[in-house]
Protein chains: 2
Amino acid sequence: MARIKDVAAHAGVSVATVSRVLNDNPSVTEETRTRVYAAMRELSYVPNAVARSLRTEATKTLGLIIGDIANPFFAELARAVEDTARAAGYTVIIGNADERAEEQDHYVRTLLEQRVDGLLICPTAEVTPLVEEIARAGGPLVFLDRTLPGVHVPSVRADGTDAIRALVAHLRQLGHRRIAFISGPARLSTGRERTGAFLAAMAEHGLEVHPEYVQAGDFRSGSGRALTARLLDLPEPPQVIFAGDNLMTLGALDEIRARGLRIPGDVALASFDDVPWFPHVDPAITAISQPAAELGKRGVRVILDRLGGRPAESVSLPAVLVVRQSCGEGRDVS
Amino acid sequence: MARIKDVAAHAGVSVATVSRVLNDNPSVTEETRTRVYAAMRELSYVPNAVARSLRTEATKTLGLIIGDIANPFFAELARAVEDTARAAGYTVIIGNADERAEEQDHYVRTLLEQRVDGLLICPTAEVTPLVEEIARAGGPLVFLDRTLPGVHVPSVRADGTDAIRALVAHLRQLGHRRIAFISGPARLSTGRERTGAFLAAMAEHGLEVHPEYVQAGDFRSGSGRALTARLLDLPEPPQVIFAGDNLMTLGALDEIRARGLRIPGDVALASFDDVPWFPHVDPAITAISQPAAELGKRGVRVILDRLGGRPAESVSLPAVLVVRQSCGEGRDVS
DNA sequence: GCCCTCCATGTAATCGATTACATCAGAGTA
DNA sequence: TACTCTGATGTAATCGATTACATGGAGGGC
């Protein structure tokens, strides 16, 4: 593979000049420039980003660690991160943590070795020593979607408090009283916060929450189905099941269908987290939509701010309630 | 950030010894080794993969260019590629071509500059001069999911011929005769092949295909909806709509629902490409399932074979028909 | 006691770019 | 003509690792 030295020899100039052409340095004659370009073309020269990065100490690369690409929420997030980064001249390396701290740390290590300029993490579970150390050392880190308690790192996340309050209001207006919430693990900030917001909203609307109506799963469809089964087996089952993410909603849907129950007649269903196919099922699922693309975009902006020496501030974007038919037909002021 | 030189000084050895420890060279004393590890820990040393890659001329990185991460099929594919590559010690950089040749070429260029060891491409549309040149130069390329006519590169793809034949048999057995197929653009190998297989299967079963019943869209939901509308507006609308990918199926579902038609009573629906939520809609969608994860896995294996100097052979995996309820209730021998 | 072998470790060249500094030609000025 | 200044280009050090080859010391055979 042709090197800068070959191009220089072929064009009859020095490597410095070729490098200047590569970097659009204006102090190169138009004539020399065209000669160099011609040499590059003839040799099919492809600049070596590895060598450049070694010298410049910058890779123009961002690392993104997400919970699971196969989860549409993260897919949309990743897409936005990629698009935004690309527009700013950065390449993105995506790592799939599979919701496991160990995998997450593997990617953190790998990406640091690759010398990514910045790191966007959707932290799984607990604070790991590795992440904590990087945060303390002031590494170029930003948390996306989730935060970690006690770790001082800028974050970009969605705030579902208002949307959950709106959902509870909507449910109440439709006459529902016995509302259950199945959510993710308390070790995830998203799991904790959604549960907290739900309990607060219920209290605000003077609705009682049966202790058995709040269950923690793992944000996967299997646990959504299992918890739904448990709820439906209660002597007094809930009138509404509100699931903590799109996969748990899917599990709930399964269990409800398997029992031959009708939505929303026998039991209503709502989801925290909206995905493109929810409007297409019958009945269309009422959901709280997180601005996934916007989160990704803002995340990149925050990290680029940090890299550019500008102050990086945490961002919290509101999630919004999208009323469809799965909780009942009533119109809602929303 | 600590360099190998610092570690060496701190441990009282030479850089060569540190490098040997990093690379598990057995000729280092156990005692020296522990001293070096201690120094690394104390300095929070992180090896610089950029420098290593420059020297070794290998990045232990694979590039993957897909049509769209937000399409669940590609998400699953990407996930499998990542998992498999990771198990072999490789990192994956994913590029989103957004189904545009121009974007695809941008990523090809970027990934070549990054000196990825191998490149997995799901080619969009036409053969671009860039891709053609790399193929001719014998670059470490593998095509995934799709192939390009006239370009000699190993490929890993799914073959839907048998599954489409099985679907047509299934439809015929249920009494359907007027079957329409809305598919992707003919410029994509997947679009062409699926259409060809459909026509062949229809002929085999002695079913006539009304020319208006075969329409080409763009593998996106919008065109799925538009084409479905056109079909339903025909004086003699089809009894079955078979959509060429999961997004077009979604569009078709929309249009059918919007008209208040019932599936499969008023019109049956089938999809080429299965996604996790198809079993959860009512009625569950009959679909042809492509082994996306297996494609990804095999793709990585093929490219690693190439890199390892072993012969890289093209792979074609059968897609399978998954009968559900959207075409009618009849049991099928499949 | 001498020499050879072997093993652990060190020295220094190298990968391909960037860039501070040096150089040199030509124009402008007195 | 001689001098300076400017602008284009060249020379060589550098980034942080790997690795071929050099070195030196311990141990064994005679």
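Here the structure is a predicted model, which is why all the values come from computation and not from measurement. Throughout, protein chains are lettered first and strands after them, A, B, ... in sequence-line order, and every chain is numbered starting at 1.
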Item to check | Residue-phosphate contact under 4.0 Å: T29(A) side-chain N/O, dT9(D) OP1/OP2 | outcome: yes
Item to check | Side-chain N,O (R52(A)) to OP1/OP2 (dA17(C)) below 4.0 Å | outcome: no
Next on the checklist: Heavy atoms only, 4.0 Å cut-off, all strands: where does V28(A) land among base, sugar-phosphate and nothing?
Outcome noted: sugar-phosphate
Item to check | Length of the line joining D6(B):CG and dC15(D):C1', which is rounded to integer Å | outcome: 13 Å
Next on the checklist: Here's a test of your reading of the structure: between P26(A) and V15(A), which maps to the more 5' nucleotide of DNA chain D?
Outcome noted: P26(A)
Checklist entry - Which residue lies toward the 5' end of DNA chain C, T17(B) or E57(B), if each is placed at its nearest nucleotide? => result T17(B)
Next on the checklist: For the residue pair R79(A) and F74(A), would you count it as a cation-pi contact if the rule is NZ or CZ under 6.0 angstrom from the ring centre and within 45 degrees of the ring axis?
Outcome noted: no
Item to check | Atom-to-atom span, CG of L22(B) to C1' of dT9(C) - whole angstrom | outcome: 16 Å
Next on the checklist: Output the rounded distance in Å from CG (N23(A)) to P (dG16(C)).
Outcome noted: 18 Å
Checklist entry - Looking across every strand, which nucleic acid part, if any, lies under 4.0 Å from T56(A) by heavy atom: base, sugar-phosphate, or nothing? => result sugar-phosphate
Checklist entry - Should T32(A) be listed as having a side-chain N or O under 4.0 Å from OP1 or OP2 of dT9(D)? => result yes
Checklist entry - According to a strict under-4.0 Å criterion, is N48(A) in side-chain N/O contact with OP1 or OP2 of dC15(C)? => result no
Checklist entry - At under 4.0 Å between heavy atoms, what does V18(B) touch on the DNA or RNA strands: base, sugar-phosphate, or nothing? => result nothing
Item to check | Atom pair distance, as rounded to whole Å: CZ in R20(A) and C1' in dA12(D) | outcome: 13 Å
Next on the checklist: Tell me if the side-chain of R55(A) makes a donor-acceptor pair with the base of dG16(D), cut-off 3.5 Å, by modelled atom types.
Outcome noted: no
Checklist entry - Which whole-number value in Å describes the distance from N25(A) CG to dG7(D) C1'? => result 12 Å
Checklist entry - Taking 4.0 angstrom as the limit, do R157(A) and E193(A) come out as a salt bridge? => result yes
Checklist entry - Would you say S53(B) reaches dA17(D)'s phosphate, i.e. side-chain N/O to OP1/OP2 under 4.0 Å? => result no
Checklist entry - Heavy-atom distance under 4.5 Å between the side chains of R33(A) and D24(A), does that happen here? => result yes
Checklist outcome for this item: Of all heavy-atom pairs linking T147(A) and S155(A), the shortest is CG2-OG, 3.5 Å
Item to check | Distance, rounded to the nearest Å, where K5(B) contributes NZ and dC15(D) contributes C1' | outcome: 10 Å
Checklist entry - Would a 4.5 Å heavy-atom cut-off, applied to side chains only, mark V36(B) and T34(B) as touching? => result no
Checklist entry - Starting at CD of E30(B) and ending at C1' of dC7(C), how long is that distance when rounded to a whole Å? => result 16 Å
Checklist entry - Taking atom P of dT14(D) as reference, at what distance in whole Å does atom CG of L54(B) sit? => result 17 Å
